[in-house]
Amino acid sequence: MMKITFPDGAIREYAEGSSSLDIARSISEGLARKVLAASVDGQVWDLSRPILQDSSLKLLTWDDPDAKNTFWHSTAHLMAEAVESMYPGVKFWVGPPVDNGFYYDMDMGGQTITEDDLRKLENRMSELSKTNNAFLRKEITKADALQYFTQKGDEYKLDLLQNLQDGAITFYTQGGFTDLCRGPHIPHTGLIKAVKLLNVAGAYWKGDEKNKQLTRIYGVSFPSQKELDEHLTMLEEAKKRDHRKLGKELGIFTFDDDVGPGLALWMPNGTVIIEELEKLAKETETAAGYKRVVTPHIAKESMYLTSGHLPYYQDSMFPPMELDGVKYYLKAMNCPHHHKIYSAEARSYRELPLRLAEYGTCYRYEQSGELFGLMRVRCLHMNDAHIYCTKEQFAQEFRAVNDMYLKYFKIFGIEKYVMRLSLHDPAKLGQKYINEPELWLETEQLVREVLINSGVPFVEVPDEGAFYGPKIDVQIWSAIGREFTLATNQVDFAQGRRFKLEYTTRDNSTDTPLIIHRAPLGTHERFIGFLLEHYAGKFPTWLSPVQVRILPISDKFMDYARSLEGKLLKLGIRVDIDDRNEKIGKKIRDTELMKVPYMFVVGEKEANEGKVAVRRQGKGDLGAQDVSEIIANLKTEIEHRQ
RNA sequence: GCCGUUGUAGCUCAGUGGUAGAGCACUUCCUUGGUAAGGAAGAGGUCAAGGGUUCAAUUCCCUUUAACGGCUCCA
């Protein structure tokens, strides 16, 4: 007998060699039907795999992330089985579970798959699942595995095998499909009741663009049709929050073929938001001791040679224009310009830290396939600043920047984010990173300490640093689930020396300042794109392009509406009047759809009593209020940035 | 940049080898209506651009361009 410990601490005895499924069955048949995989001593196992010794056991059902992953991984195998049966000769690479589903990469040998084909594949998978074929695990020697795939002529699996140790190799077979796979899998295909194949895409083999491109099919599956339907509904809802859709509906921004890809045009409503954000940034930065500067959109090639950007980033810059034999580049970053402002005057340690801020306009030649709404554009406005400080001041300055992020996140209600400490890869010194191995380690440790001391949770990611130093990126997620870098905070130990930036120290010698590059609000483009999705277009009053819309019951009350409008305008409240010849219901509906936070309905009663009938977007009628009262409330709400 | 899909009115979308339609929006008129769509009429399109096949192309083919789904990249 062996002792099995359950998550609640209970210990029960079972015959050696009992499987997790046996154990589940001993608890209840219902559980045995529901359970998908088992966690044995912390490792996810097939349910059918015999347990041979005392272990802790957790039976995993659908709600457990490990079970979901196992379920989706098994579905990937099911899909591969369907593909193999419909497209003979296809070679498979890997088919892992991902955040919301699974994919399988395959070499279709020149065959293409269309959307219609996906429906056919789904049907085939549904047929195959009904066979209730078990996922059979088989340990196999490396020699036998090599022979199997050599015979099959499958160079992809042979490539995978090369990196595997003999003795740790397993095959899984369900029905007629056998795959090299470490598992684990759910017990049988019949558990996969609902499958949706979402899209087909190209993916480079091993993620390297120099390699052949494989066909990747993404899908998602569930233990019941109901859950699939719910998931699909959720995806539809997410689409409604897509900033590209909302941006068009609300008149925030637009793109035009004649202007060019990735070059956003900000419409009046979007410009209001930009100006509110800039106001916030200027207030915040002024209070934190920043000074504003303004610099040109272009600069000579020589400056980017000095900065060191050109060799690293030339491909991502717009090609230069040549004037009198001199090349000029559109600026892709503001830092060199700011460095020139630093070096324009002799600096003393008494001036440091010197903080130069600018909503600088940058142009980046992003690859055409990378453009994505406002999130990835070719013309962008960075909430940029550069802080020049001594080594002693660094920790405090860096931390102050992080605190500024958190302050902003609070204002915007941003709760889901991850701070990533991006480090260099020693193997790429001199290529991707400036070749200063000791400075790298020293600075990385400096930043790490600041983060630890400020108690902000973070993850470390190798090989993600800027070329001139380590950085902290703040990752956020769009409504469609795409991940973006919002804010960035970078240390730069390289450019100061390259630009010969100096200051006179207390003992009358000279030193080079450390530089912090920071952009807490990222860019107008990305931040407003994010806010659109974050608020689902329902901006808080202080950011709303139109804060109040006055809705006269009929044009008899237009004079009263106009006098109200005048009052609000004088107070700097963004107000307009729906003066169309429409009924009040129609005006309300349209104003609701435009997500204007406040509606003032005015008719005979209100005009006579000097009141307005207040209606809050999404909340309905709030009843009549005195004009002075509602105006005071509005002012407060806006001033507090609510 | 690569793989795949798509491009018809301001927006959302039908449709066709014989030069186009709906709803919303827009204009005008009727209506002056009390909390999520009042009625009528009208105007609006080189069917993304260029080339080819054809008696005839918005429709079929090719190229370009843009957007979308991914991959790669992301200062």
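Fair warning: this is a prediction, and the values are worked out from it, not measured in the lab. Every chain is numbered from 1, with letters handed out A, B, ... down the list of sequences.
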Hey, is the main chain of A/Gly618 close enough, under 3.5 Å, to the side chain of A/Glu592 for a donor-acceptor pair? yes
So, is A/Arg244 near the phosphate of B/rG69, with a side-chain N or O under 4.0 Å from OP1 or OP2? yes
May I ask you to evaluate whether A/Tyr365 reaches the phosphate of B/rC74, defined as a side-chain N or O under 4.0 Å from OP1 or OP2? no
Donor-acceptor pair present, A/Tyr204 side chain and B/rG1 base, under 3.5 Å: yes
Which of the following nucleotides, B/rU32, B/rC26, B/rU35, is nearest to the side chain of A/Arg580? B/rC26
Span that lies between the C1' atom of B/rC47 and that of B/rA14, in whole angstrom: 13 Å
Would you say the side chains of A/Asp555 and A/Asn581 form a donor-acceptor pair under 3.5 Å? no
Once you round it to whole Å, what is the distance between P of B/rC71 and CG of A/Asp107? 19 Å
Distance-only polar pair, side chains of A/Thr295 and A/Lys331, donor-acceptor under 3.5 Å: yes
Between the base of B/rG1 and the side chain of A/Glu366, is one N or O donor paired with an acceptor at under 3.5 angstrom? no
Can a cation-pi geometry be assigned to A/Arg549 and A/Tyr598, taking NZ or CZ under 6.0 Å from the six-membered ring centre and within 45° of the ring axis? no
A/Lys587 vs B/rG38: side-chain N/O to OP1/OP2 distance below 4.0 Å: no
OP1 or OP2 of B/rG1 less than 4.0 angstrom from a side-chain nitrogen or oxygen of A/Ser368, does that happen here? yes
Using Watson-Crick or G-U wobble geometry with both distances under 3.5 Å, which nucleotide pairs with B/rG45? none
